[in-house]
Amino acid sequence: MKLPMRFRILHLLSEGISLSTAEIIANLQSEYAGEGQFKESIMNLHLSSMRAVGLIEIIELSLDAVGALQQKYKITEFGRSRLSYLPSSWQKSGSKVAV
Amino acid sequence: MSEISVASRIEVLQAKQELSHTKKGLLSGVISGALWGLDGVILGMALAMAPFSGGSSLYAGPLAGAAMHDGFAGFWLFLYNLFTGRWREYGRTLVTKPGMIVCLASLFGGPIAMSGYMLGINMAGASYALAITAMYPAVGAILAVFLLKEKITPRVWLGIILCIAGAIIVGYTPPEGDFPQFYLGLGLALLATFGWGMEGVLSTFGMDMVDPDIAIGIREAASFVVYLIGVLPIAAGLIVFWDAFKEQSLYYVALAGLMGGLSYLLWYRALNMTGVGRAMALNITYALWAVFFGWLLTDLELTANLIGGAVVITVGTLLVVANPKELVQLRNK
């Protein structure tokens, strides 16, 4: 069964690598493509909220080719503690993260 | 671009993005209060009509109205989530612990708090029950500090207290009547206060990982189901509930449910984006908005305590929303 979007983002970031919004979208494309909620604006809203409550943090800021802000997110210790709320099948599984 | 100008541009863009997020949260809280005030006025109009004004018990009409309100709100929210492509998240979320915590929040905020509120008014009188239940933002903020480690500055505390004081002034009526079960009524009003405070904290805890738009959809639907199965049969409200489908008041409740659904949607977003203390203080500004919409839509007369309370709420709100930069990190580590 697919995870709710925020659960899946947290799970993805728990796999040990920092990712930008675009990279998170690219990694989840195969699972959520076709769902109306799967778009950059909603993804950014999730990431901002998850950051405000301390589940994830920004570890790198840069500008892309057109001068837009790029942020790389990483899971925090608090975020890792919340992984216990994932269904047991997801707590053991790993997936290949593309960057 | 030099390294320094790149660094300063990054800093400016980052600050702008953070501020945009927090301002959206605060604006959501303010609009949620306004819509809740409008919702209350429209629901009040519906409850004054058949079949809600009758019923075999004193609580049957209001509780049936509350159940239908939450049912309609849940329905409108489901349509919203359907059209925004989120509907699959309902099932995915309900099988998780944070999803169940949101359901628990709906029990506290829906049937428990609302029933306690109505019984409290009946047993202890509106003056005391309204004053006690208006304190739910303080209860929510205190619980959030301990359970969620939420950061609340002294200025925001003062704003919360002023919003509560303003709501009490607006709702004040001189005590009158005989209340043989006065202390039980006070206890039930306290239960309602605790219920709404707990709803805010539990739902905010759940929304760390649950999309607020889905959390509120679940909250309203769960509340409706518990009213229908657990509350209305006890309060003899099922007859009123089914009778309402044959009356014109149904349209009023459906409209109130739409306003309530939107209000709750924005309130849950504000809880998630600005924290429990601020969102609850902004939500209780409904007392101010209810005066405005009551004056606009009904024959409510503007009295000195309505205007005085409105001014106090406005000052409190300004203190709560000042300095959105505080909201970049909502909690202590």
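Just so we're on the same page: letters track the sequence lines, and every chain starts at 1.
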Hey, does [Y] have a side-chain heavy atom less than 4.5 Å from the side chain of [X]?
X: M209(B); Y: L55(A); value: yes
X: L13(B); Y: L61(A); value: no
X: H21(B); Y: L45(A); value: yes
X: D208(B); Y: R82(A); value: yes

Quick check on the interface: out of K24(B), E11(B), E18(B), R269(B), who has the most heavy-atom pairs with chain A under 4.5 Å?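 The answer is E18(B).
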Pick whichever of K16(B), M273(B), Q17(B) has the most heavy-atom pairs under 4.5 Å with chain A.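 The candidate making the most pairs under 4.5 Å is Q17(B).
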Determine whether more than 12 heavy atoms belonging to other residues, nucleotides or ligands lie under 6.0 Å from atom CH2 of W36(B).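 Above 12, so yes.
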Heavy-atom neighbours of K151(B) NZ exceed 12 at 6.0 Å: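 Counting neighbours around NZ of K151(B), more than 12 heavy atoms of other residues, nucleotides or ligands fall under 6.0 Å, so yes.
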Interface moiety of F7(A) toward chain B, non-hydrogen atoms closer than 4.5 Å: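 For F7(A), the contact with chain B is made by backbone and side chain together.
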Please look at L69(A) and chain B and tell me whether the side chain, the backbone, both or neither of the residue comes under 4.5 angstrom of a heavy atom of that chain.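 L69(A) touches chain B through backbone and side-chain heavy atoms alike.
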Residues 85-105 of chain B: residues contacting chain A (heavy atom under 4.5 Å, by number):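 Those residues of residues 85-105 of chain B which have a heavy atom under 4.5 Å from chain A are G85(B), R86(B), R88(B), E89(B), G91(B), R92(B), T93(B), V95(B), T96(B), K97(B), P98(B).
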If you count heavy-atom pairs within less than 4.5 Å of chain B, which of Q70(A), R51(A), M1(A) leads?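 Looking at each option in turn, the highest pair count goes to R51(A).
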I need the residue from S49(A), G79(A), G54(A), S84(A) with the largest number of non-hydrogen atom pairs under 4.5 Å to chain B.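 Greatest number of close heavy-atom pairs with chain B: S49(A).
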Starting at [atom1] of [X], measure out to [atom2] of [Y] and round the result to the nearest 0.5 Å.
X: E35(A); Y: T84(B); atom1: CD; atom2: OG1; value: 11.0 Å
X: D211(B); Y: Q37(A); atom1: CG; atom2: CD; value: 7.0 Å
X: L63(A); Y: I10(B); atom1: CG; atom2: CD1; value: 4.5 Å

Passes side chain to side chain contact (heavy atoms under 4.5 Å, CB included), R6(A) versus V210(B)? Steps please. CA-CA 6 Å; R6(A) 287 193 185 184; V210(B) 175; over 6 Å; no
Going by side-chain contact (heavy atoms from CB on, under 4.5 Å), name the residues that satisfy it together with I152(B), two or more places apart in sequence or in a different chain.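 side-chain contact (heavy atoms from CB on, under 4.5 Å) check on I152(B) returns A141(B), V145(B), E150(B), V156(B), W157(B), I160(B).
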